[in-house]
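Heads up: the structure comes next, in structure tokens.
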Amino acid sequence: MSDFNKLCKVMEEMDPETYVSIVSEKSADIIAALSVITQDGLSGLSIYIDFLLCAVAADGKLSEEEFYLLKPMLERAVGMELTYDDAKDIFYASGLDKPKDYKKTMDLMVDILGLVSPKLKEDIVLICMMVCAVDGKISMKEKRWIKKLID
């Protein structure tokens with residue numbers, strides 16, 4: 001088993017407390033770093049949300065676990081409370097079930113950010129990997145996308 005697959009397994013089996021702790025800490029660091037780079041806190045947050053949405057969309061599906069992870073941010077973005085069914089409707093209406101171009105864009109963006117800060121790139125890739133693992137399984141589509149982010 002490769003180191004990458006071992007890391008995927010660790011993410012898939014992570015206990016909820018550790019998961020929440022890492023996501024909270026890394027999210028704050030990423031948003032702060034993106035805000036400095038963009039010199040605009042709102043743009044930094046928007047870029048971060050794009051990465052999260054792309055991680056959710058990487059396999060073309062929105063799981064309930066992914067929805068509940070992103071629910072507060074999604075509700076803030078649309079300005080209303082959302083149910084899982086509402087979110088699925090938005091997900092499919094936005095074309096996130098066919099994320100090929102979106103994944104390419106985010107891969108290019110993380111490479112550019114990596115030139116500014118290799119640590120920022122590592123943190124973004126880690127969070128994307130964790131979002132993909134929140135439902136207990138990182139699919140092959142998700143693994144292929146994460147590997148592209150790493151390279």
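Keep in mind the model is a prediction, meaning the values are calculated, not measured.
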I'd like to know if [Y] and [X] are part of one continuous hydrophobic network [Ile/Leu/Val/Met/Phe/Trp/Tyr, side-chain heavy atoms within less than 4.5 Å].
| X | Y | value |
| --- | --- | --- |
| Val116 | Met109 | yes |
| Ile112 | Leu126 | no |
| Val134 | Tyr84 | yes |
| Ile146 | Met140 | no |
| Ile124 | Leu108 | no |

Exercise for the section: Identify the residue among Leu115, Val110, Ile30, Asp29 that makes a side-chain contact (heavy atoms from CB on, under 4.5 Å) with Leu120. Expected result: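 By the side-chain contact (heavy atoms from CB on, under 4.5 Å) criterion, Leu120 pairs with just one of Leu115, Val110, Ile30, Asp29: Ile30.
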Handout entry: Working for side chain to side chain contact (heavy atoms under 4.5 Å, CB included), residues Arg76 and Leu45
Key = CA-CA 12 Å; Arg76 191 175 332 154; Leu45 179 60; 3.9 Å; yes
Measure the shortest side-chain to side-chain distance between [X] and [Y] over non-hydrogen atoms and say whether it is less than 4.5 angstrom.
| X | Y | result |
| --- | --- | --- |
| Leu113 | Leu34 | yes |
| Leu53 | Phe91 | no |
| Tyr92 | Lys88 | yes |
| Cys128 | Leu149 | yes |

Backbone of [Y] reached by a side-chain donor or acceptor of [X] within 3.5 Å:
| X | Y | result |
| --- | --- | --- |
| Glu122 | Lys119 | no |
| Glu75 | Pro72 | no |
| Tyr102 | Gly95 | no |
| Asp89 | Asp86 | no |
| Ser94 | Ile90 | yes |

Looking at every heavy atom in both [X] and [Y], which two are closest together, and how far apart are they?
| X | Y | value |
| --- | --- | --- |
| Cys132 | Ala55 | SG-O, 3.5 Å |
| Lys137 | Asp135 | O-OD1, 2.9 Å |
| Ile138 | Glu142 | CA-OE1, 3.3 Å |
| Thr38 | Gly44 | OG1-N, 3.5 Å |

Exercise for the section: Report the C-alpha distance between Lys26 and Met130 in whole Å, list the side-chain angles of each, state the deciding distance to 0.1 Å, and finish with yes or no for side chain to side chain contact (heavy atoms under 4.5 Å, CB included). Expected result: CA-CA 11 Å; Lys26 293 294 182 185; Met130 292 180 75; over 6 Å; no
To the nearest 0.5 Å, tell me how far [X] [atom1] sits from [Y] [atom2].
| X | Y | atom1 | atom2 | answer |
| --- | --- | --- | --- | --- |
| Ser117 | Ile37 | OG | CD1 | 6.5 Å |
| Leu82 | Phe67 | CG | CZ | 5.5 Å |
| Asp97 | Leu62 | CG | CG | 10.5 Å |
| Asp101 | Met106 | CG | CE | 13.0 Å |
| Cys8 | Lys6 | SG | NZ | 12.5 Å |
| Leu69 | Glu64 | CG | CD | 13.5 Å |

Exercise for the section: Kindly check if the number of other-residue, nucleotide or ligand heavy atoms within 6.0 Å of NZ (Lys143) is above 12? Expected result: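 More than 12 within 6.0 Å, yes.
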Exercise for the section: Taking atom NZ of Lys148 as the centre, report whether more than 12 heavy atoms of other residues, nucleotides or ligands fall under 6.0 Å from it. Expected result: no
Handout entry: Residues Asp107 and Lys103 bridged, charged N to O under 4.0 Å
Key = no
Problem - Salt-bridge present (Lys121, Asp111; N to O < 4.0 Å) - result: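 Looking at Asp111 together with Lys121, the answer is yes, because their closest N to O distance falls below 4.0 Å.
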Problem - Tyr48 vs Ile127, side chain to side chain contact (heavy atoms under 4.5 Å, CB included): CA-CA, chis, key distance, verdict - result: CA-CA 10 Å; Tyr48 182 63; Ile127 291 298; 3.4 Å; yes
Practice task
Determine, stepwise, if the pair Met129 / Trp145 fulfils side chain to side chain contact (heavy atoms under 4.5 Å, CB included).
Solution key: CA-CA 10 Å; Met129 190 175 219; Trp145 179 64; over 6 Å; no
